[in-house]
> 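Sharing a structure with you now.
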Amino acid sequence: MAERTRLARVREELQAALEAIIQDLGGPAGTRVVLAEPTEAGRADLATSVAFGLARTLRKSPRDIAAELCARFPGHPDVEALGAEGPGYVNVWLRTEFLSGVVDDVLSDPQAFGRSDEGRNARVLLEFVSANPTGPLNVVSGRAAALGDSLARLLNFTGWRADKEFYLNNAGVQILKLGQAVDLRIRELLGEEVESTWPEGVYPGAYVRDAARAYLDERGANAPRSHEILGAFAADFFTDRQREVLERFRVHFDSWAEERRFRESGAAEAVVRALRQSGHLDERDGAVWFRSTAFGDDKDRVVVKSDGSLTYIVPDAAYHWDKVRRGYDRLIDLLGPDHHGYVSRITAILEALSGQGSRLYVLIVQLVRLMRDGEAVRMSKRGGEFVELAELLDEAGVDAARFFFLERAPETPLDFDLGLALLSTQANPVFYVQYAGARIRSILRQAAHETVADGPRSLLAAPEERALLWDLASFPDVVARAARELSPHWLTRYLVELAGHFHGFYRQHRVLGGDPDTVRARIDLVRAVLAVLETATDLIGVEIPQTM
RNA sequence: GCGCCCGUAGCUCAGGGGAUAGAGCGUCUGACUACGAAUCAGAAGGCCGUAGGUUCAAAUCCUACCGGGCGCACCA
C-alpha cells in the first residue's frame, strides 16, 4: 500500500524526462516540471506550463519551447501522445490501456485502494465537539462532530495514528450556574413559581427540566440540593445525552478528558507553579498574569484572578500539556469561530510549558445556518432556543446530515438546506451518490447469472468509461489532499463527480448482455467504482444502502 | 478601533499565479419495447465586490476601500 500509485509513477517519470530535456536545452539547473490536471477537464490528461518560465532564459517563445520539449520527448510506454498547445502548454495524453489497469489496482485489494503511509505512523490527537455539558448538542457541534470524525478516518487511512477525544468542561463556574438552574427547575416541578424571579446568567433553557426531573426520579425530593451536587449531576446527565446522540451520528470518541480531573488532581496548580518557576508570571492589580506576549500573543493573560481562583485557560493549558506528555506528535483542535482569539494564548502557554507549541494546530470551524424554504432558522442560545443535533437527525437522517456538513471547507460558513436534505432526487447529492451505489449493486446481483469471458479483457475506451477510469486513478490523490488540507469536502465533491460519471456511463452503455469480453470488463469496472464509492463514503461516515 | 472568515452565473458554492473561469440547483429543449428515468444529453446564463500595484501571465499574490458574518473579559 505504500507503493506509489499508477498515476504518481507515470507523472514522476514524465517529469524527470522533461526535466532532462530542459537541461539539454540549456535551461536553468534545477528547473522543476509540475504535471497536473488541466483546469478544464478533457483538454488533456496532464499538462505543464513550464515553458512559460523558461522563455526568458532560453530567449524563445513559450510556444517554441513547448514544441521543442515535445519533439525531443523520447516516448514512454504509458503515453499516447505529447502535444504543444495554446500559448505554450505541454499536454499529455495517457494510453487507455494504462488507465484501465487501475481497475486491477482497485480490485486486487478493494479496501486498501487509496491508502498511504504519508503520516508515517505519527500520532495525532483530534479534539472536537467538547461542548459544555449544560444542555443538548446543537447543530454547530454536529458540524464539528462530522468533521472531526471524518478527519480521524482520513488520517488513519493515510498512515497517521489518530485518536478522537472529547474534552468535558464539567467543572467551574458554568457548572455551578447549571446547578442553580436545576435547583430552580426542581422547585418549579415541586410547585413553585420561578420564571418571574429568574436570575441573570442562569441557564434559562427549558431542557434543564429534564435534568431536574431525572434528579427527582433518581434521588427523591429530599436529596441534598447544593448547586455543586446538582451541577455535577446535570453535567453527567447532559454528557450522557450528548454521548448518545453522537453515537447515533456514528461519532465514537476514543476518550473523554474531564476538566474536573485536571482541577482535582492539582494539574492546574502545577501549571501555575511551572510558569512561575520559569519566570513567565507577573503580579499586577491583585491578579497573576502570564506574559503570553513573549510567545506571540497580542496581550498578556490573567491566570489567577484577584479572588484567587483560576481562569479557564489554566485547566485548558494543563489539558494540552497532558496531551503532549501522552506522546502525541500533533494536536488538532476543532474550535468555533468565537474561539479564534483562544489560539494564540493556548499556543503561547503550551510553548512556555513544554516548548511544543508548534505541535498544536487549531482548525476554526465556521458557523452553520439552517435554512428552510430560503429562510434562516433562528438559533439563539441566549434565549435557550436552538436546533438540537438530535432534531436534525430526526428530520434529515444521519447520512444527509454528515454529507451536508462536510460539503464545505471547514473554514467556510455553511448553509444547511433542510428541504434539500429530504429530497430524493439528483438535487440531493447524498441521494445521488447513494443511488449510484444502489444501481451498481443491482447490476452485480443480476451479473451472477451472466456468462463472462475468462480471457483478456476488452478495452474500456469509450469516453464515459475513460472518465470513470480517470476518477478511479485519481482517487488516491483526492484522499491525500483531503488529509493534508484537513478538508473532507474534497471527498464529497469527488463522490458527486464519480457518481455523475457513473450515471452518464450507465445511460450510455449496457454492462450486461453484450459480448463476454466487454461484459467482463464492464463488470470489473463497476465493481471497482463501487469499491471506491464505498471507501470514499466510509471516510466521511456515510453509508450506501443495499436497496433504496 | 483591532482580529478572523466570506464577497465568483438568478441561488448554493469549487478553483487560491498560467489556456476560452468550473460544478450542482433553478430555467429552457430533448431522451424510457433491455441492467433501477429517483436517471441521462443539450442550451442559455459571468467587468470573479471596487480601485490601484507586483508579474511575460492575477479570480488567485500585495495595498487601500466597500459590503456581509463572527469575535475582541480577572466569561468559558
Side-chain angles (χ1 to χ4, degrees), chain A residues 34 36 38-41 43-44 47-53 55-56 61-62 85-89 91 130 132 134 169 171-175 177 201 259 284-289 298-299 301-313 315-316 336-344 364-367 369 371 374 407-417 420 423-429 431-432 434-436 438-447 449-450 464 489-490 492-493 496-497 499-500 502-514 519 522-523 526 547-548:
Chain A
V34 177
T39 42
E40 199 178 329
R43 202 182 274 284
T48 177
S49 59
V50 71
F52 291 93
R56 180 167 294 188
S61 73
E85 298 188 359
Y89 294 91
N91 285 344
S130 299
N132 286 334
T134 53
N169 293 106
V173 194
Q174 295 305 314
I175 299 306
K177 283 185 183 163
E259 180 179 1
R284 242 183 295 156
D285 310 327
V288 180
W289 297 70
D298 56 347
K299 51 182 124 172
R301 305 291 167 178
V302 171
V303 289
V304 185
K305 300 183 216 172
S306 49
D307 68 1
S309 64
L310 302 173
T311 59
Y312 72 95
I313 57 170
D316 277 11
D338 51 332
H339 283 81
H340 80 259
Y342 174 94
V343 179
S344 50
I364 297 293
V365 181
Q366 289 291 333
L367 294 177
R369 272 198 316 171
M371 307 295 286
E407 267 194 290
R408 307 272 169 262
E411 59 274 12
T412 305
L414 171 81
D415 282 350
F416 191 116
D417 188 333
L420 189 58
L423 285 181
S424 48
T425 72
Q426 185 195 19
N428 181 344
F431 179 83
Y432 188 71
Q434 290 176 325
Y435 185 53
R439 271 182 155 174
I440 294 174
R441 284 181 176 152
S442 174
I443 293 170
L444 294 179
R445 276 193 297 272
Q446 293 175 60
H449 318 294
E450 194 84 5
E464 295 82 3
H489 81 284
W490 292 115
T492 56
R493 297 185 69 80
V496 171
E497 184 181 314
F502 171 74
H503 288 307
F505 159 79
Y506 178 91
R507 291 295 297 174
Q508 191 67 32
H509 304 283
R510 286 193 51 82
V511 173
L512 305 177
V519 169
R522 289 186 174 156
I523 286 178
V526 299
T547 56
M548 308 183 62

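Proteins get letters first, then strands, A, B, ... in listed order; numbering begins at 1 in each. Computed from a prediction, not measured in an experiment: that's the story for all the values here. What's counted below: heavy atoms across the whole structure, side chains too, no hydrogens, waters or symmetry copies.
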> Under the rule for salt bridge (Lys or Arg N to Asp or Glu O under 4.0 Å), what residues qualify as partners of A:R284, not counting sequence neighbours?
A:D300
> Kindly compute the distance separating CE (A:M548) from CD (A:Q434), expressed to the nearest 0.5 Å.
5.0 Å
> Go through B:C70, B:G36, B:C40 for me and flag the one nearest to the A:S442 side chain.
B:G36
> Rounding to the closest angstrom, what is the interatomic distance between B:U20 and B:U63 at atom C1'?
31 Å
> Can you tell me how far P in B:G22 sits from the matching atom in B:C48, rounded to whole Å?
14 Å
> How is A:A438 classified with respect to the nucleic acid when contacts are heavy atoms under 4.0 Å: base, sugar-phosphate, or nothing?
base
> What I want to check is whether the side chains of A:D316 and A:Y342 have a donor and an acceptor closer together than 3.5 Å.
yes
> Heavy atoms under 4.0 Å, any strand shown: does A:G504 hit a base, just sugar-phosphate, or nothing?
sugar-phosphate
> What is the nucleic acid contact for A:K177, judged by heavy atoms within less than 4.0 Å: base, sugar-phosphate only, or nothing?
nothing
> Pick the closest RNA chain B nucleotide for A:W289 and for A:G86 by heavy atoms, then say which residue is nearer the 5' end.
A:G86
> Please report the shortest heavy-atom distance between A:A51 and A:G88, naming the atom on each side.
CB-O, 3.4 Å
> Base, sugar-phosphate alone, or nothing: which one does A:L512 contact when heavy atoms must sit under 4.0 Å apart?
base
> For B:C65 and B:C40, measure between their P atoms and round to the nearest Å.
48 Å
> Under 30°, 30 to 60°, or over 60°: which ring-plane class applies to A:H503 and A:Y432, parallel, tilted or perpendicular?
tilted
> What closest approach, in Å, do A:I440 and A:V526 show between heavy atoms, and which atom pair accounts for it?
CG2-O, 3.5 Å
> Would you write the dot-bracket representation of RNA chain B, where each base gets (, ), [, ], | or . depending on whether it forms a Watson-Crick or G-U pair under 3.5 Å and with which partner?
(((((((..((((....[...)))).(((((.......))))).....(((((..]....))))))))))))....
> Decide yes or no, distance alone: a donor-acceptor N/O pair under 3.5 angstrom between the base of B:A19 and the side-chain of A:N91.
yes
> Taking only the side-chain nitrogens and oxygens of A:R439, find out if one of them lies under 4.0 Å from OP1 or OP2 of B:A37.
yes
> How many whole angstroms separate atom CD1 of A:I443 from atom P of B:U39?
16 Å
> Take the protein atom CG of A:D307 and the nucleotide atom C1' of B:C74, then report the distance between them rounded to whole Å.
8 Å
> To the nearest Å, how far apart are A:N428 CG and B:U39 C1'?
15 Å
> Under 3.5 Å, is there an N or O donor on one side and an acceptor on the other linking the side chain of A:S306 and the base of B:C74?
yes
> Of A:G53 and A:L367, whose closest RNA chain B nucleotide lies nearer the 5' terminus?
A:G53
> Rounded to whole Å, how long is the line connecting atom CZ of A:R507 with atom C1' of B:C35?
11 Å
> For the P atoms, the ones on B:U60 and on B:G15, what distance do you get once it is rounded to whole angstrom?
15 Å
> Sticking with atom C1', work out how far B:G1 lies from B:C61, rounded to a whole angstrom.
27 Å
> Calculate the interatomic distance between A:Y342 atom OH and B:G71 atom P; express it in whole Å.
18 Å
> Within this structure, what is the CD-CG distance for the pair A:E259 and A:N169, rounded to the nearest 0.5 Å?
5.0 Å
> Hey, does the side chain of A:K305 come within less than 4.0 Å of B:C75's phosphate (OP1/OP2), counting only N and O?
yes
> Show your reasoning for whether side-chain hydrogen bond (donor to acceptor under 3.5 Å, both in side chains) applies to A:N132 and A:Q174.
CA-CA 9 Å; A:N132 286 334; A:Q174 295 305 314; 5.7 Å; no
> Taking only the P atom of each, what is the distance from B:U12 to B:G68 in whole angstrom?
16 Å
> B:A37, OP1 or OP2 - any side-chain N/O from A:Y506 closer than 4.0 Å?
yes
> Starting at the 5' end of nucleotides 3-14 of chain B, put B wherever the base has a protein heavy atom under 4.0 Å, S where only the sugar-phosphate does, and a dash everywhere else.
BSS------SSS
> Would A:R439 pass as a cation-pi partner of A:Y506, given that its NZ or CZ must be under 6.0 Å from the six-membered ring centre and within 45 degrees of the axis?
yes
> What's the spacing between A:R408 CZ and A:L414 CG if we round to 0.5 Å?
6.5 Å
> With C1' as the reference atom in both, quote the distance from B:G10 to B:U27 in angstrom, rounded to an integer.
9 Å
> Which atom pair, heavy atoms only, marks the closest approach of A:P337 to A:I364?
CA-CG2, 3.6 Å
> Between B:C75 atom P and A:D316 atom CG, what is the distance in whole Å?
14 Å
> Base, sugar-phosphate, or nothing for A:V288, non-hydrogen atoms under 4.0 angstrom?
nothing
> I need the OH-C1' distance between A:Y312 and B:A73, as an integer number of Å.
9 Å
> Counting any heavy atom closer than 4.0 Å, what does A:A55 reach on the DNA or RNA strands: base, sugar-phosphate only, or nothing?
nothing
> Roughly, in whole Å, what's the span from CD in A:Q508 to P in B:U39?
18 Å
> Answer yes or no for this row: A:F431 ring on B:A38 base, centroids under 5.5 Å, planes under 30°.
yes
> Which atoms form the tightest heavy-atom contact between A:E407 and A:P429, and what is the distance?
OE2-CG, 3.7 Å
> What distance, rounded to whole Å, do you find between the two C1' atoms, one in B:G67 and one in B:A31?
45 Å
